[in-house]
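No hydrogens, no waters, no symmetry mates; every other heavy atom, side chains included, goes into these values.
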Amino acid sequence: MVGREIVSIFSTMPERLHLYTIPPHRAFADALAIGLIRRFGSDPMRLARGTVLLPNNRAKRAIQDAFVRASAGGLLLPRLVAVGDPELDEAVFDAVDDAEPVPPAVEPLQRRMILARLIQASGSPVDAAEAVRLAGELAATLDQLLIEEVHPRRLRELELGPELSAHWERSLALFETVLTRWPEELAKLGRIDLAERRRRLLDKVAKRWRQTPPLGFVCAAGITTSAPAFARLLRVVAGMPLGMVVLPGLATGISDAEWDSLGPFPPDPVTGRRRRSVETHPQYHLKLLLERMGVHRSEFDSWRAASELDAPPARSRAIASAMQPPELTHGWTDLPRAERRLDGVRALEVATPAEEAQAIALALRETLETPGRTAALVTPDRALARRVAAHCARWGLAIDDSAGQPLSVLPPGTLLLALADAASQAFAPMALLTLLKHPLVMPETRLEWLEGARSLDRALRGPRPAPGLTGIDRHLAEQDGRDGHLRRVAQGWWPEARALLAPLEVLFGIGPQPLRALIATLREAAQALGGDSLWSRADGRAVADLLDDLEREVAHGPALAEPDALGLMLRTLMDETAVRPPQGGHPRLAILGVIEARLQTADLMILGGLNEGVWPGLPAPDPWLAPRIRAELGMPGLERRIGLAAHDLASGLGAPEVLLTRSRRDASAPTIASRFWLRLEALSGGLERAGDLAVWLKGIDDPGAHEPAERPAPMPAVAARPKAISVTEVDRLKADPYAFYARRMLRLMPLDPVDADPSAAWRGTAVHAVLENWFEIDDCAPEKLSARAEAMLADERTHPMMRALWQPRLREAIDWIATQIAADPARKVLAVEKRGAIVFDGVALSGTFDRIDRLADGNLAIVDYKTGKPPSLAAVREGFSLQLGLLGLIAERGGFDGIAGRATGFEYWSLSRNKFGGFGYVESPCDPKRRDYLPANEFVDRAVAQFEGAARMWLTGDEPFTAKLHPDYAPYTEYDQLMRRDEWYGRD
């Protein structure tokens with residue numbers, strides 16, 4: 001169909017076509033501007049009457065800058081038209097006949113919402129967020145059908161045979177169903193697809209110019225898309241008396257055999273199958289464009305204009321050799337040196353992306369040492385681009401990333417996502433604190449707000465409270481009496497914050513809702529938290545526009561949506577919305593995406609991120625049409641993007657100086673060098689290395705000499721040392737005096753993580769609470785202990801992991817405790833969970849026992865519950881783990897109210913697995929059955945001796961608090977960073 005149209009359109013065209021190419025080693029924009037000024041600049045008005053057709057708005061700016069550089073004074077520019085601009089009406093208004101106006105295009109978001117609704121209505125079991133995501137991919141596939149002018153009815157005419165999998169059959173059936181209903185939706189709106197509208201406009205322009213060419217010149221420059229509508233327009237332009245088509249980097253010097261090997265190929269006369277084209281070649285899309293234009297590459301002349309930004313001509317020959325198809329690369333060794341030379345191209349291979357970003361920043365900074373010299377980083381890796389910009393800030397250089405950043409990573413976007421995530425997670429601590437601490441929240445009372453948010457952070461440390469805002473209320477109420485600061489938070493700041501979030505909780509907690517209601521509630525909550533300043537900057541305005549469009553267009557989308565899907569849907573849309581910075585960055589430095597870099601040049605072009613999967617990127621799969629179907633329809637293969645990436649790289653290699661960079665690993669795994677990197681290395685026999693950059697990279701943050709810290713041993717005055725200690729702190733004082741010093745004197749208390757998994761200490765506390773209530777309320781009735789444990793596990797505040805994994809073990813261990821107590825009726829439980837204190841040798845010694853029993857002989861037994869293993873006997877003999885003995889000392893000295901007697905029993909009741917396969921056993925360091933046991937009548941005296949020695953050394957004496965004095969008995973790591981442990985540990 002396309003071939004017949006081309007023949008009919010151009011049968012009356014003159015034989016001479018004005019076709020040109022600018023080789024890769026020339027700066028395209030500057031060469032074009034210089035050439036146009038030479039041809040038409042003698043009369044300023046003649047140049048101004050001309051029109052230059054360009055691929056996009058970024059190319060317009062590049063050509064404007066090139067005209068400024070080439071003019072050396074005032075100049076009336078020709079009309080610059082971006083034919084890829086969605087707002088094409090104004091650009092081609094003068095050339096389009098208004099007699100038959102082209103219908104307006106459907107709005108992109110409106111189209112997406114309608115497609116999402118059609119996907120759900122077609123029986124696909126997906127939620128609203130997934131439907132919107134699939135609709136975006138469906139719209140992209142539909143656009144490719146329209147651009148390639150493939151009628152949807154051809155889908156029904158395909159004969160694919162039985163080899164097509166059931167998955168693709170279902171996808172194709174759904175695709176056909178949607179495409180059948182889509183024209184009906186467009187007809188209701190009175191609109192057409194944007195791609196279809198652009199095709200009609202371009203065909204109108206072509207028809208008008210074919211009949212009545214413009215009075216001024218028309219130059220189509222840098223347009224490399226192979227879409228049939230563009231091919232028809234370019235053919236018309238090339239045939240006009242004052243028309244010119246200028247393509248970048250057309251390989252006119254390669255052999256006909258290499259050119260013909262690229263494809264596309266005609267169908268096999270027997271099988272009807274087409275031989276696969278080499279779509280990964282950088283010249284394939286240009287070859288396809290030429291075939292659709294009905295021209296041959298031999299008709300192209302070289303655009304005769306040079307600039308100061310050109311590379312040596314040998315560079316173009318080397319680029320063409322490097323990009324040959326694989327079956328021709330065996331001839332590289334026979335190539336003349338001139339066709340393999342890559343003078344001016346250097347390479348830098350570093351270990352990590354952080355080093356790569358630092359090296360690129362150094363290269364950009366070094367460029368500024370030469371007046372007037374320019375440099376640009378070109379990379380598809382936006383994370384690398386952001387890192388480079390951050391590194392340049394150390395020298396006060398502000399460089400704009402022209403590719404922009406996704407709205408989902410900019411502050412207003414992250415605030416909306418944090419709101420949706422917090423509400424969908426029932427205000428779980430991590431999501432809630434992420435929202436409340438967001439930098440855009442409460443700008444007018446920021447300090448007071450942050451103080452409240454940080455206090456709430458402290459209150460929410462540890463296992464997760466019950467879900468919802470009510471769960472936070474209950475959690476704060478339970479901690480009210482423990483901390484006066486938290487009391488102020490619960491009574492003052494939290495109610496204010498809670499009131500701002502309550503509308504979200506109400507709406508998100510009642511099931512599927514209309515999308516408009518969800519979005520409106522989210523917007524109002526964002527306004528309440530961020531105020532008007534949330535929408536004030538470019539990124540804020542972009543968020544406001546997105547929400548406004550959504551609220552207007554969601555009426556066309558899915559009728560209802562689960563509240564949990566709102567955040568996923570917003571993230572999908574924000575990821576696809578790029579916010580580009582306003583102009584105003586450094587005038588001689590730039591960071592460009594590969595699309596923005598087309599037609600751009602600089603004295604130094606840095607091509608970064610040359611790893612496989614980055615440049616070229618991995619082909620994005622099409623969930624709607626199988627590769628076989630795309631091939632049968634004549635649509636671009638998924639790998640064509642690799643060919644476009646190769647062409648972008650070839651264009652970047654045309655700068656006077658080029659730096660190629662890659663890292664040997666990314667954030668998670670080793671990387672593979674880009675196929676382009678490997679080709680350039682193989683062709684040139686090894687690229688020149690940027691050795692100076694490697695040296696600078698190593699030296700920029702090198703301190704010269706490392707002076708590790710000495711082992712800390714602070715020695716405060718005796719009067720300043722604490723004179724009170726608990727029995728659980730004695731081991732820390734002896735094994736790691738510095739940790740005791742940091743905790744008690746510096747008052748640096750470790751914090752639990754937010755939303756923490758239940759630790760051994762937390763499980764122990766929970767078990768102790770169960771046993772305490774069982775003793776005090778149920779009077780140790782055996783039949784009631786299990787019910788207590790079940791109630792604790794059923795509580796909504798109990799962590800799900802503990803409930804699922806620890807429940808069977810806890811039940812058996814609790815039953816064992818009840819059985820064990822009932823088995824010895826002569827032994828009576830005196831008290832549980834009671835705190836006491838005495839003054840011993842000038843030091844207040846305090847402690848809380850788990851349980852104290854009265855034995856049959858009248859003596860006391862100190863019982864300590866353990867959810868894990870009890871301390872080893874070896875540790876006890878070394879003078880550690882003597883808490884039971886110190887609790888016995890307090891009991892014997894009358895430190896616990898209502899308890900008196902001599903302590904002769906010291907037992908650990910462990911709830912872990914016993915030697916019989918069940919749970920629960922008793923272990924004592926004074927058990928005569930154990931080897932090297934400690935006699936019970938000497939245990940308290942041994943504990944007293946150890947405590948007395950430690951107190952006299954560190955509490956009432958002047959012994960330094962040495963870090964990790966006995967590391968084998970100091971497993972605590974909370975203060976290792978404070979003591980800079982890794983700098984000195986093991987050196988002595």
Check whether any side-chain heavy atom of [X] lies under 4.5 Å from a side-chain heavy atom of [Y], and answer yes or no.
X      : Y      : answer
Pro214 : Leu242 : no
Met605 : Val378 : yes
Phe230 : Arg198 : yes
Tyr20  : Arg304 : no
Arg382 : Thr379 : yes
Glu355 : Ser663 : no
Arg61  : Glu596 : no

Parallel, tilted or perpendicular: ring planes of His285 versus His647, cut at 30 and 60 degrees
perpendicular

Whether [Y] and [X] form a salt bridge (side-chain N of Lys/Arg under 4.0 Å from carboxylate O of Asp/Glu) is what I want to check.
X      : Y      : result
Glu366 : Arg373 : no
Glu356 : Arg662 : no
Arg598 : Asp648 : yes
Asp203 : Arg210 : no
Asp301 : Arg16  : yes
Arg297 : Asp256 : yes

Any side-chain donor paired with an acceptor under 3.5 Å for Ser307 and Asp310?
yes

For Trp259 and Gln283, does a side-chain donor sit closer than 3.5 Å to a side-chain acceptor?
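No.
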
List the steps, then state whether side chain to side chain donor-acceptor pair (under 3.5 Å) holds for Asn611 with Ser674.
CA-CA 4 Å; Asn611 284 325; Ser674 166; over 6 Å; no

Cation over ring face, Arg38 and Trp303, 6.0 Å, 45°
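Relative to the ring axis of Trp303, which defines the angle, Arg38 lies outside at least one limit.
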
Could you check Leu653 against Leu680 for side-chain contact (heavy atoms from CB on, under 4.5 Å), going step by step and ending with a plain yes or no?
CA-CA 11 Å; Leu653 287 170; Leu680 294 172; 4.1 Å; yes

